[in-house]
Amino acid sequence: MTKLQPGLAQVTGRVIPIGPPLRAPISGRPCVYYQVMGRNHVWPWHDRRGYPESDVGFWIEDGGGQVWIMVPASPVSTGPEETAAVQCSITGDGFHKTIYAGESPETDRFLDPVGSPFEPDAYLNVEERIVVAGDTLEIVGEVFEEITLQGESLNYRSPPTRTILKARSLRSIRA
């Protein structure tokens with residue numbers, strides 16, 4: 001991977017996870033990142049979208065090197081008028097399920113998101129899509145340098161740094 005300069009950039013590469021996988025909240029499948037979209041027939045105009053509740057990090061490799069990807073936490077969206085920090089487009093077949101109030105704490109957060117102006121939903125028809133190790137992603141985001149012990153120094157006077165791409169959008173490219 002060529003040296004990225006600070007500013008807006010786009011990279012495409014294969015996902016390399018760090019540490020144990022996340023668990024997708026609806027299916028329980030292991031993953032690096034997930035997206036949940038839901039709605040019901042009573043209130044079809046207010047979509048529910050969900051992403052991991054904390055920042056997610058992983059490596060992208062394109063054959064010429066690796067870059068650290070940081071996907072910021074996104075709040076559960078309460079409707080199309082609210083834009084999440086990350087617009088994740090994960091292609092392929094999703095996992096479909098109807099979730100009901102009281103089923104589990106992991107799924108209840110989609111039925112009654114924090115800050116939602118709507119009453120809690122009794123149920124939602126959801127579709128969950130995931131990114132797993134080895135998937136190829138196209139990522140657009142902001143490049144910056146971070147001082148970290150895991151980084152490299154340019155010389156003995158420079159602190160160790162690593163290049164990070166803070167994702168604004170993810171798009172899965174599956175064959």
Side-chain angles (χ1 to χ4, degrees), residues 1 4 6-38 47-63 65-78 80 82-97 99 104-116 124 126-152 160-174:
M1 189 160 293
L4 296 173
L8 196 58
Q10 177 178 328
V11 297
T12 301
R14 188 174 52 88
V15 174
I16 300 173
I18 56 131
L22 296 173
R23 289 275 172 206
I26 307 300
S27 66
R29 299 177 293 174
C31 63
V32 173
Y33 192 78
Y34 65 81
Q35 171 190 35
V36 177
M37 300 159 292
D47 293 343
R48 305 284 193 193
R49 294 184 182 272
Y51 305 93
E53 293 178 317
S54 60
D55 294 351
V56 173
F58 52 86
W59 293 100
I60 287 289
E61 180 177 50
D62 72 351
Q66 295 180 346
V67 66
W68 179 254
I69 305 296
M70 192 271 291
V71 185
S74 298
V76 174
S77 174
T78 58
E82 190 177 300
T83 56
V86 173
Q87 297 301 315
C88 183
S89 176
I90 303 171
T91 56
D93 294 331
F95 179 82
H96 297 268
K97 182 179 179 184
I99 58 173
S104 76
E106 291 82 21
T107 60
D108 280 352
R109 72 183 177 101
F110 300 111
L111 298 166
D112 188 19
V114 175
S116 172
L124 284 177
V126 296
E127 179 178 357
E128 174 187 83
R129 293 180 182 233
I130 62 173
V131 172
V132 297
D135 280 354
T136 300
L137 294 181
E138 181 179 87
I139 302 169
V140 175
E142 191 75 25
V143 175
F144 65 94
E145 292 285 324
E146 173 187 65
I147 296 174
T148 177
L149 292 176
Q150 293 79 28
E152 296 180 12
T161 61
R162 71 174 169 193
T163 301
I164 295 178
L165 180 68
K166 184 176 180 181
R168 289 187 179 174
S169 71
L170 305 175
R171 187 172 70 89
S172 178
I173 303 169
R174 295 213 173 121

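Counting from 1, the numbers follow the sequence of the chain as shown. A quick note: this is a predicted structure, and the numbers were derived from the prediction, not measured.
Salt bridge absent: E106 and R23 never bring a charged side-chain N and a carboxylate O closer than 4.0 Å. Comment: E138 engages R171 in a salt bridge, judged by a side-chain N to carboxylate O separation of less than 4.0 angstrom.
Here the straight-line distance linking atom CG of D62 with atom OG1 of T136 works out to 10.5 Å at 0.5 Å rounding. The CD1 atom of I130 lies 4.0 Å from the CZ atom of R29; values are rounded to the nearest 0.5 Å. A distance of 5.0 Å separates OG1 in T12 from CD1 in I173, rounded to the nearest 0.5 Å. Of the inter-residue distances, the one linking S104 atom OG with I26 atom CD1 reads 7.0 Å to the nearest 0.5 angstrom. Atom CE in M37 sits 9.5 Å away from atom CD in E128 (nearest 0.5 Å). The distance from atom CZ of F144 to atom CG of L4, rounded to the nearest 0.5 Å, is 12.0 Å.
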So Q35 and Y51, side-chain contact (heavy atoms from CB on, under 4.5 Å) or not? Walk me through it.
CA-CA 5 Å; Q35 171 190 35; Y51 305 93; 3.9 Å; yes

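The shortest non-hydrogen separation linking A133 to V32 is N-CG2, 3.8 Å. Of all heavy-atom pairs between P52 and L22, the closest is CG-CD1, 4.0 Å. Minimum interatomic distance between Y34 and A24 (heavy atoms only, all atoms of both residues): CD2-CA, 4.2 Å. Contact between I18 and G57 at its shortest, heavy atoms only, is CG1-O, 3.5 Å. For T163 against V143, the heavy-atom pair with the smallest separation is CG2-CG1, 3.6 Å. Here the closest heavy-atom approach between residue A73 and residue D55 is recorded as N-OD1, 2.8 Å.
Two residues are said to be in side-chain contact when any heavy atoms from C-beta on lie closer than 4.5 Å; P25 and R109 meet this criterion. Looking at V15 and I60, their side chains come closer than 4.5 Å, going by heavy atoms from C-beta outward. For the pair Y33 and D135, the minimum side-chain heavy-atom distance is 4.5 Å or more. K166 places a side-chain heavy atom less than 4.5 Å from the side chain of P72. Using a 4.5 Å cut-off on side-chain heavy atoms (C-beta onward), L8 and R168 make contact. Looking at heavy atoms from C-beta onward, L170 lies out of side-chain contact with I90 at the 4.5 angstrom threshold.
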